[in-house]
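See structure below.
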Number of protein chains: 4
Amino acid sequence: MPSPRTDNDTFIHRARRTQLVDTAIAVIADLGTDRATISRIAAHAGVTRGVVTYHFRDRTSLFDAVVAHVYELAHRELDTRVHTTNDPRESLREFIIGSLDFYADHPAAMAALSAIYRSPDTPRSDRAEHRSEITDLQDILVAGTKSGQFRDFDPSVMADTIRAALDAALVRIRSGTDIVGEKRELWAIVDGATRITG
Amino acid sequence: MPSPRTDNDTFIHRARRTQLVDTAIAVIADLGTDRATISRIAAHAGVTRGVVTYHFRDRTSLFDAVVAHVYELAHRELDTRVHTTNDPRESLREFIIGSLDFYADHPAAMAALSAIYRSPDTPRSDRAEHRSEITDLQDILVAGTKSGQFRDFDPSVMADTIRAALDAALVRIRSGTDIVGEKRELWAIVDGATRITG
Amino acid sequence: MPSPRTDNDTFIHRARRTQLVDTAIAVIADLGTDRATISRIAAHAGVTRGVVTYHFRDRTSLFDAVVAHVYELAHRELDTRVHTTNDPRESLREFIIGSLDFYADHPAAMAALSAIYRSPDTPRSDRAEHRSEITDLQDILVAGTKSGQFRDFDPSVMADTIRAALDAALVRIRSGTDIVGEKRELWAIVDGATRITG
Amino acid sequence: MPSPRTDNDTFIHRARRTQLVDTAIAVIADLGTDRATISRIAAHAGVTRGVVTYHFRDRTSLFDAVVAHVYELAHRELDTRVHTTNDPRESLREFIIGSLDFYADHPAAMAALSAIYRSPDTPRSDRAEHRSEITDLQDILVAGTKSGQFRDFDPSVMADTIRAALDAALVRIRSGTDIVGEKRELWAIVDGATRITG
DNA sequence: TATGAATGAGGGTTCATTCAT
DNA sequence: TATGAATGAACCCTCATTCAT
């Protein structure tokens, strides 16, 4: 008996997987990873528990699919924006604004991703693997420092900090803050933090 | 119930509680709240599970003790530093540097606190109660804006962002970054983010 | 939660539930409610503990099923008998004899019901709900007093006492007394207690 | 070190035991045997848990002491009353009225005794042992039948039934029924049940 | 493709009991 | 006498997972 989890690739199969990933995202975003049990996800999707474990080998595999899905989304919607310009400051601005737009468009997806990456117990195989799919923030920062547009800072610390700031913004956005204000405030913060001191 | 969990105050009792709180902090910091089960904490402390439930009514109560302990630590080590000056920029600087110093001194404690406050399932009774004991970052920011030392920003967004940046720094510090560099970099970032634009 | 505990209705499912309810009745009747743990019931049924919690959400739900089952039994076997006549004394006699017959047919079921209703800790959701399904003894007594067949007594005290007498008879029947003798003796007692004094 | 549970017989020792037995009675009557844990009894008595297990080898032993105490009470207050007359009907009447008086005077004691004897899991060593201390109801019944004052019934069934009726009355008395009415009603019932049929 | 059934590990909690002080 | 400390068994419950159909 061929395990459909690996080789099957029918339409229904793909549709079910997509549906379950979407549901998982919603449940994880709402309840956190721990309470996002297979039972709850199945119930939320209107299917029996067995369906989930039929399409995904195990919980780890489902959560991996969630991560992959969100990264793919982000890749599609964000990367092109950042690469429309070669100007580091412009790129950085696009990255910030674009990220916030992305959060506003897919708050659950992003929240799920954060939740998964935050909880150390949540099973996932990869982590680093997908990171590269996304615009490398650090590259932008290094380029800006080299070009003299940014002041001289530790790019890894700065990248880390900016990501943390974006994460915090996500929480606010999910609770309904004004997205326009968020963009303005956050860009002002990041701009100030990177700019050459007068 | 004349359970020692509430009224006992012998030396051994206090010592055990302290030991268990410390162990809980270590386990929570390492594994996260969900995997910080009573069993694991007990094993890590080299005692049987019963010892934990003997000294703490339940898991909630143990986690509450952890929160209280860390807040007390932070209060003692941080608050006085910030209040030595009335200058908002100086206060902010003290807050940043002091926080990082505190993280360097008690990395696990701070990580545990973060973990507890982050996970929505983790049982804890208070939350807001202790918050006020600690320096209110937002007050400093508002004061600085009023005094004209800081630019005009949304203080709640700024406070949120700074806290997120500190949280991210904590992770780096726990993995062994140079604390001096961290202080320099983070203060530069925060200073730049709040400063009046040239 | 698409748990089979609620909506499933397959043959196996019903069979298991019936089996477990029957086993629960036996164990409760033998050991009392407190010692009728899920473990013991499962062991007695020859299944693992998980099977029980799979088919019944929790212990309360299992005990509720027991209560419902016994009430349904009693309803079917007893109610019709009592209502075949309108004569209060005849009704009362049918109630006594019928109850004892029922006890003889289902001694464990009745013992379990008694045990559940007696223990205040035992979880059960309903209690009063089903009471009405069964013949209301007190109504018969009031009717008999009004019609002049019974002497003038407090009907609630009398009903309470008769029920207690039946409960005591149940214990004897379970230990193997002669059912014919029980019927004769108990009816003589109740008849004498309610009859008009010569 | 001499275990005080067995041989010690100081004043304090006896006083403590009495106090604990009294408390146990109150707790058992209120909460039932299962919830009458050592902790709760100790708390209710205002002592630590250790005190209880110091004075009583184990829970069984404490419950045994409760049983013995109540039997002794009943013996003192009830037996003499019954034996003031040789007339079986008078004796029976004294037994009924006297029992109800006793229940009214010591409702908790009697309720505790019932609770202990009812629950099969409750640890107790004796049961039958003490029964003889109390007036043997069955003897009265047999005597009355022989003397022709009572009709011809199975004395063990009748005794059992009367005891059950008294138990039911105890519950009502504990919830505050009129004791005078109870005496009247119950004696009428028992009298009717035993009397020669007109 | 789907699912009902079963399993067993593990979690938190309560409690009687033992023991050293 | 008294008690604080510790222990371990047992409880109910949740869940991920496996398997036969």
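Chain letters run A, B, ... following the sequence lines, proteins first, then strands; residues in each count from 1.
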### Query
Which one is paired to dG8(E), where only Watson-Crick or G-U wobble pairs with both distances under 3.5 angstrom count?
dC15(F)
## Note on the structure
R59(B) has its side chain closest, among dT13(E), dG8(E), dA6(F), to dT13(E)
### Task
Could you tell me whether the side chain of R59(B) and the main chain of A36(B) form a donor-acceptor pair under 3.5 Å?
yes
### Summary
The residue, V47(B) or G50(C), whose nearest nucleotide of DNA chain F is more 5′ is V47(B)
### Query
Which nucleotide in the set dG4(E), dT7(F), dT17(F) lies at the smallest distance from any side-chain heavy atom of T48(A)?
dG4(E)
### Message
Contact between I28(B) and L113(B) at the side-chain level, heavy atoms closer than 4.5 Å - yes or no?
### Response
no
### Query
Starting at CG of D58(C) and ending at P of dT13(E), how long is that distance when rounded to a whole Å?
18 Å
### Query
Looking at R16(D), does any N or O in its side chain come under 4.0 Å of the phosphate oxygens OP1/OP2 on dA2(F)?
yes
### Query
What about R40(A), does its side chain sit under 3.5 Å from the base of dT14(F) through a donor-acceptor pair?
no
### Task
For L31(D) and dC15(E), give me the distance from atom CG to atom C1', rounded to whole Å.
15 Å
### Query
Over how many whole Å does the gap from I38(C) atom CD1 to dG8(E) atom C1' extend?
15 Å
### Message
From CG of D34(D) over to C1' of dA10(F), roughly how many Å is that when rounded to an integer?
### Response
14 Å
### Task
Could you tell me the separation between the CG atom of L62(C) and the P atom of dC12(F), rounded to a whole number of Å?
10 Å
### Query
Starting at CZ of R17(B) and ending at P of dA6(F), how long is that distance when rounded to a whole Å?
13 Å
### Message
Whether T37(B) contacts dG11(E) is assessed here as follows: a side-chain N or O lying under 4.0 Å from the phosphate OP1 or OP2. Is that the case?
### Response
yes
### Query
Rounded to whole angstroms, how far apart are CZ on F56(C) and P on dA6(E)?
12 Å
#### Entry: Nearest-nucleotide pick for Y54(B), side chain only, options being dT7(F), dT17(F), dT14(F)
dT7(F)
### Query
Given atom CG of L20(C) and atom C1' of dA5(E), what is their separation to the nearest angstrom?
12 Å
### Task
On DNA chain E, check which nucleotide each of R49(B) and V51(C) is closest to and give me the residue with the more 5' one.
V51(C)
#### Entry: Under 3.5 Å on both distances, the Watson-Crick or G-U partner of dA20(F)
dT3(E)
### Message
Evaluate D30(B) against R174(B) for salt bridge (charged side-chain N to carboxylate O under 4.0 Å, His left out), listing each step before the verdict.
### Response
CA-CA 10 Å; D30(B) 272 8; R174(B) 289 199 77 215; 3.4 Å; yes
### Message
Are F56(D) and D64(D) packed together at the side-chain level, in the sense that at least one heavy-atom pair is separated by less than 4.5 angstrom?
### Response
no
### Query
Going through the checks in order, is the side chain to side chain contact (heavy atoms under 4.5 Å, CB included) test met by V70(C) and I25(C)?
CA-CA 9 Å; V70(C) 179; I25(C) 284 175; 4.1 Å; yes
### Query
OP1 or OP2 of dT13(E) less than 4.0 angstrom from a side-chain nitrogen or oxygen of T53(B), does that happen here?
no
### Task
Could you check which of dG4(E), dT3(F), dA5(E) has an atom nearest any side-chain atom of H55(C)?
dA5(E)
